[in-house]
Trainee: 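Take a look at this one; I'll ask things after.
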Amino acid sequence: MMNRQVRLAARPVGAIKRTDWSFTQEAVAEPREGEMVVKISHISLDPAMRGWMNEGKSYIPPVEIGAVMRAGGAGRVIASKHPGFREGDEVAGNFGVQQYAISDGKGVRKVDTSFAPLPRYLGALGMPGMTAYFGLLDIGKPKPGDTVVVSGAAGAVGSVVGQIAKIKECRVIGIAGGADKCRYLVDELGFDAAIDYKGEDVKDALKRHCPKGIDIYFDNVGGEILEAALARLALHARIVVCGAISQYNATSPPKGPANYLSLLVNRASMTGMVVFDYADRYKEGATEMARWIAAGKLKAREDVVEGGIDAFPETLLKLFKGENFGKLVLAL
Ligand SMILES: NC(=O)c1ccc[n+]([C@@H]2O[C@H](COP(=O)([O-])OP(=O)(O)OC[C@H]3O[C@@H](n4cnc5c(N)ncnc54)[C@H](OP(=O)(O)O)[C@@H]3O)[C@@H](O)[C@H]2O)c1
């Protein structure tokens, strides 16, 4: 069996180019004692991949030049010498951008496709869902009646953040690009309002929708939208710094928000979160998320691109163009 892989060929400057990747092919090795072979059927595409391609210190080491690109994925065990996994088990884990992975089982979990389709375990029931759950509940600390604003609201993390905030009886305003996504947030997901940042002035719209200020701003995008949210904080507001996708392709250091003293004036806080810090509590988060999904309180949406491994470079770019609607997944 041959394994086709996507490797990092060069560190991108600005937007990612196809030439930043190389494609290789090698035979799938036999699993050794304690290992298994996973046939990957779905690869998770994440904005964080852009950061992993850069050199320098971060919350996780960079992907080395020449290495198989790091990626979450899901698939089926096709051979196992691991005591905890059997042939036929469906699993999710950190398998890389390739068709087959040899795994020692670390960070791999079995998933139940009779409950939810496999791609959902890369979205609401996977890493983005855990990010939304722990970021909002642990750092945002929502209380009934709070005004919660979330950017990147129609995406994998943002759409779950807004729905959990509704479950916690907050007033929720989502910020997303385009009328279709905004309609979806209000009509399908039950957000109280949505702001189309591509079609209206975000500062004005936040003023209109948040007359008493923002109690929680869950930031997925950074940049000007962060600045607009800072300008509208309520007393003791909490900003959850989850991501800053508007800045990931910047070729010069991003300008800091000019109005950060709003944190001082409003005795507010701005806290960074990395989902991996909650690894020992994923079970708790996943159980509650599954309960909400089963009860019809939380809707999950995946955008599955049937492209095969060669379509990885173009598919990844969809995240940066806002072309995904829900959790972006590549089907192999
Ligand atoms: N801290 C953590 O542990 C952690 C874990 C997972 C994810 N994250 C972060 O969470 C954020 C969302 O990730 P995701 O996986 O849920 O992705 P996603 O929201 O499903 O997809 C990315 C979305 O970002 C929006 N976007 C792209 N360029 C933008 C720009 N210049 N300005 C504003 N919006 C822009 C697009 O939506 P529009 O069409 O609305 O523009 C696009 O659909 C990212 O910043 C990611 O890095 C952090």
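Just so you know, ligand 1 is whichever comes first in the structure, and atom 1 is the first atom listed for that ligand. Start at 1 with the first residue, then count along the sequence.
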Trainee: Does any donor atom in the side chain of E26 or N3 lie under 3.5 Å from an acceptor atom in the other side chain?
Mentor: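 The criterion, which ignores hydrogens and geometry beyond distance, is not satisfied for N3 and E26.
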Trainee: Between Y197 and ligand 1, which residue portion shows a heavy-atom distance shorter than 4.0 Å: side chain, backbone, both, or neither?
Mentor: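 Side chain only.
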Trainee: Could you see which bit of M127 sits under 4.0 Å from ligand 1, with heavy atoms only: side chain, backbone, both or neither?
Mentor: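 Answer for M127: side chain.
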Trainee: Any luck finding a side-chain donor-acceptor pair between N54 and R11 under 3.5 Å?
Mentor: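 Their side chains do not contain a donor-acceptor pair, so the 3.5 Å distance test is not met.
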Trainee: What atoms of ligand 1 come closer than 4.0 angstrom to any heavy atom of G155?
Mentor: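 The atoms of ligand 1 under 4.0 Å from a heavy atom of G155 are 18 (P), 19 (O), 20 (O).
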Trainee: Taking the six-membered ring for Trp, is the centroid-to-centroid distance between Y184 and F325 below 6.0 Å?
Mentor: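 Judged by ring-centre distance (under 6.0 Å), Y184 and F325 do meet the cut-off.
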Trainee: How does A153 reach ligand 1, by side chain, by backbone, by both or by neither, if only non-hydrogen atoms under 4.0 Å count?
Mentor: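 Near ligand 1, A153 shows nothing, with every heavy atom at 4.0 Å or more.
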Trainee: Does some non-hydrogen atom of F325 fall short of 4.0 Å from ligand 1?
Mentor: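 No, that is not the case, since the closest heavy atom of the residue is not under 4.0 Å from the ligand.
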Trainee: Return the minimal non-hydrogen interatomic distance between P257 and L230, and the atom names on each side.
Mentor: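 Taking every non-hydrogen atom into account, CB-CD1, 3.5 Å.
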Trainee: Taking the six-membered ring of F191 (Phe, Tyr or Trp), confirm whether the NZ or CZ of K166 is under 6.0 Å from its centre and within 45° of its axis.
Mentor: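 K166 over F191 ring: no.
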Trainee: Using only heavy-atom distances, determine whether the side chains of T24 and R7 contain a donor-acceptor pair under 3.5 Å.
Mentor: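 On atom types as modelled, these side chains qualify, holding a pair under 3.5 Å.
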Trainee: Using a 4.0 Å heavy-atom cut-off, which part of T131 comes near ligand 1: side chain, backbone, both, or neither?
Mentor: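 Within the 4.0 Å criterion, T131 contacts ligand 1 through side-chain atoms alone.
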Trainee: Is it the side chain, the backbone, both or neither of C242 that has a heavy atom closer than 4.0 Å to ligand 1?
Mentor: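 For C242, the contact with ligand 1 is made by both the backbone and the side chain.
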Trainee: When you compare the side chains of T131 and Y278, does any donor N or O come within less than 3.5 Å of an acceptor on the partner?
Mentor: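 The answer is no; no qualifying pair exists.
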Trainee: Side chain, backbone, both or neither: which part of V275 has a heavy atom under 4.0 Å from ligand 1?
Mentor: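 Both backbone and side chain of V275 come within 4.0 Å of ligand 1.
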Trainee: Checking contacts here: is it the side chain or the backbone of K181 that comes within 4.0 Å of ligand 1, counting heavy atoms only? Could be both or neither.
Mentor: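 Near ligand 1, K181 shows its side chain, while the N, CA, C and O stay back.
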Trainee: Would L328 count as a contact residue for ligand 1, given that I'm defining contact as a non-hydrogen atom of the residue lying under 4.0 Å from a ligand atom?
Mentor: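 So L328 does not count as touching ligand 1.
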Trainee: Would you say G178 contacts ligand 1, with heavy atoms under 4.0 Å as the rule?
Mentor: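 It does not; every heavy atom stays at 4.0 Å or beyond.
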Trainee: Give a yes or no on whether a salt bridge exists between R183 and D196, defined as a side-chain N under 4.0 angstrom from a carboxylate O.
Mentor: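 D196 and R183: not salt-bridged.
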